[in-house]
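To start, the structure under review is shown below, and the notes come after it.
As the structure is a prediction and not an experimental result, all values here were calculated from the model. Reckoned from all heavy atoms, side chains included, excluding hydrogens, waters and symmetry mates.
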Amino acid sequence: MTAYDPANRLGLRFDLAALDMAGTTVDEGGLVYDVLESTVADAAGEPVPHDLLLQWKGTSKWEAIQGLLRGLGQDPTTAQVDKIFDGFGERLVTAYRETPPQPFPGVPEMFATLRSRGVKVALQTGYSTEIAAAILDGLGWTVGPGPESTVDALVTSDLVAASRPAPYLVFHCMEATDVQDVRRVLVAGDTPNDLGAGTNAGAGFVVGVATGSFTHDRLATEPHTHLLPSTADLPTLL
């Protein structure tokens with residue numbers, strides 16, 4: 001385990017769970033990265049190396065497109081990235097329409113348990129607002145502070161200055177839920193960039209889950225406080 005000095009060693013509980021979507025709470029079978037890879041490969045006229053793609057998992061998809069193209073030796077303009085990103089979004093929506101994402105087993109129950117114990121739940125994602133909203137609609141999940149909602153807040157990558165591993169998605173989740181002590185925040189995700197964002201934010205709980213693209217052995221090489229099989233197991237940390 002990479003050394004990390006979590007605030008929860010002080011016996012603090014968490015008041016906010018800021019959770020990634022694809023691969024962490026939402027099972028979409030890796031479609032987002034299949035579509036991302038094919039979209040960039042088509043635009044670049046060459047395949048995307050697997051190791052290069054891994055570096056951009058968990059980040060803003062706009063930033064990922066730009067980074068992947070640069071990794072292939074290209075220097076795209078903002079307008080070019082915008083155009084490719086628009087095409088990526090259209091392809092992804094079509095793919096999700098054909099193969100609708102589903103929650104990982106136990107995740108809706110986990111949301112309800114945390115919220116019943118006074119913990120705010122926010123989804124934070126490298127998706128754009130439009131794509132994230134379409135996924136939530138398909139799942140039947142709603143966002144709001146009342147008990148009738150599924151989660152308390154949603155923060156997407158187009159609302160922040162930089163995506164993971166920058167900490168801004170986490171900070172915006174705190175703003176959206178009125179949680180002020182970052183030591184009382186739990187961040188969970190399935191990629192090194194998710195764990196990097198939680199660490200850079202100073203979150204008291206940084207949790208890696210093996211439901212997505214990376215194994216526990218790989219996530220264990222990143223700063224973290226806990227490794228769990230699934231976010232469905234988060235209530236065990238209360």
Side-chain angles (χ1 to χ4, degrees), residues 2 4 17-40 48-71 81 85 88-89 92 95-96 101 103-104 107 122-129 131-132 135-136 154-173 185-203 205-231 234:
T2 304
Y4 182 54
L19 311 177
D20 174 51
M21 289 181 63
T24 300
T25 54
V26 178
D27 182 5
E28 45 83 83
L31 272 177
V32 62
Y33 294 111
D34 291 343
V35 174
L36 179 65
E37 181 178 13
S38 64
T39 301
V40 172
V48 176
H50 181 65
D51 289 347
L52 178 61
L53 182 66
L54 285 178
Q55 295 175 27
W56 291 96
K57 288 192 173 185
T59 66
S60 152
K61 303 308 174 278
W62 193 98
E63 293 176 20
I65 290 168
Q66 182 185 61
L68 290 171
L69 289 171
R70 287 177 174 172
V81 176
F85 178 77
F88 159 76
L92 186 61
Y96 282 162
F104 281 109
V107 164
L123 296 175
Q124 41 104 359
T125 177
Y127 289 128
S128 65
T129 299
I131 293 174
I135 293 173
L136 293 186
L154 169 68
V155 179
T156 56
S157 62
D158 50 351
L159 301 178
V160 297
S163 187
R164 310 176 186 120
Y168 307 127
L169 284 168
V170 178
F171 294 153
H172 274 61
C173 287
V185 174
L186 179 149
V187 176
D190 68 297
T191 72
N193 283 318
D194 291 307
L195 302 185
T199 302
N200 288 336
F205 298 73
V206 179
V207 182
V209 295
T211 47
S213 302
F214 295 86
T215 65
H216 272 171
D217 286 345
R218 173 64 183 88
L219 295 176
T221 66
E222 303 293 329
H224 65 278
T225 64
H226 299 82
L227 297 175
L228 295 176
S230 167
T231 51
L234 289 179

Could you report the tightest heavy-atom contact between Gly208 and His216, atom names first, then the distance? O-NE2, 4.1 Å
Matching residue for Phe85 among Ile65, Thr39, Leu36 - test: side-chain contact (heavy atoms from CB on, under 4.5 Å): Ile65
Nearest heavy-atom neighbours spanning Gly58 and Tyr33: N-OH, 2.7 Å
Strictly distance-based, threshold 3.5 Å: is any side-chain N or O of Thr225 a donor or acceptor partner for the main-chain N or O of Val206? yes
Mind checking whether Leu68 and Leu53 have side chains closer than 4.5 Å, heavy atoms only? yes
Test item: Phe171 and Val160 side chains (from C-beta on) under 4.5 Å apart, heavy atoms: no
Could you tell me which non-hydrogen atom of Pro165 sits nearest to which non-hydrogen atom of Asn200, and how far apart they are? O-ND2, 2.7 Å
Worked verdict on Leu19 versus Val107 for side chain to side chain contact (heavy atoms under 4.5 Å, CB included): CA-CA 11 Å; Leu19 311 177; Val107 164; over 6 Å; no
Let me confirm one number: the CG-CD distance from Leu52 to Glu37, rounded to the nearest 0.5 Å. 9.5 Å
Measure the shortest side-chain to side-chain distance between Arg218 and Pro192 over non-hydrogen atoms and say whether it is less than 4.5 angstrom. yes
Minimum-distance pair of heavy atoms, taken over all atoms of Leu195 and Leu219: CD1-O, 3.8 Å
Would you compute the distance between atom CD of Glu63 and atom OG of Ser163 and round it to the nearest 0.5 angstrom? 5.0 Å
Within the 4.5 Å heavy-atom criterion, are Thr199 and Glu222 side-chain neighbours or not? no
Using the ring of each side chain (for Trp, its six-membered ring), is Tyr127 parallel, tilted or perpendicular to Tyr96, with breaks at 30° and 60°? perpendicular
Please name all residues satisfying salt bridge (charged side-chain N to carboxylate O under 4.0 Å, His left out) with Arg70, sequence neighbours left out, ordered by chain then number. none
Kindly write out the residues that satisfy salt bridge (charged side-chain N to carboxylate O under 4.0 Å, His left out) with Asp20, not counting sequence neighbours, or none if the list is empty. Arg164
State whether the number of non-hydrogen atoms from other residues, nucleotides or ligands found under 6.0 Å of Tyr168 atom OH is greater than 12. no
Distance, nearest 0.5 Å, that separates OG1 of Thr25 from CD1 of Ile135: 9.5 Å
Please check: side-chain N/O of Glu28 versus main-chain N/O of Ala22, any donor-acceptor pairing under 3.5 Å? no
Backbone of Gly126 reached by a side-chain donor or acceptor of Ser157 within 3.5 Å: yes
Looking at every non-hydrogen atom in both residues, tell me the closest pair between Ala197 and Val170 and how far apart they are. O-CG2, 4.2 Å
Audit row: Asp194, Val187, side chain to side chain contact (heavy atoms under 4.5 Å, CB included) steps and yes/no: CA-CA 8 Å; Asp194 291 307; Val187 176; 5.6 Å; no
For Thr211 against Pro229, the heavy-atom pair lying closest together: CG2-O, 3.3 Å
May I ask you to test the Ser230-Val209 pair for a side-chain heavy-atom distance under 4.5 Å? no
Pick from Ile131, Thr125, Thr156: which one makes a side-chain contact (heavy atoms from CB on, under 4.5 Å) with Met21? Thr125
Tell me, please, which residues at least two apart from Lys57 pass side-chain hydrogen bond (donor to acceptor under 3.5 Å, both in side chains). Ser213
Compute whether any side-chain donor of one residue and acceptor of the other, for Thr191 and Asn193, lie under 3.5 angstrom apart. no
Short side-chain to backbone donor-acceptor contact, Thr24 and Asp190, under 3.5 Å: yes
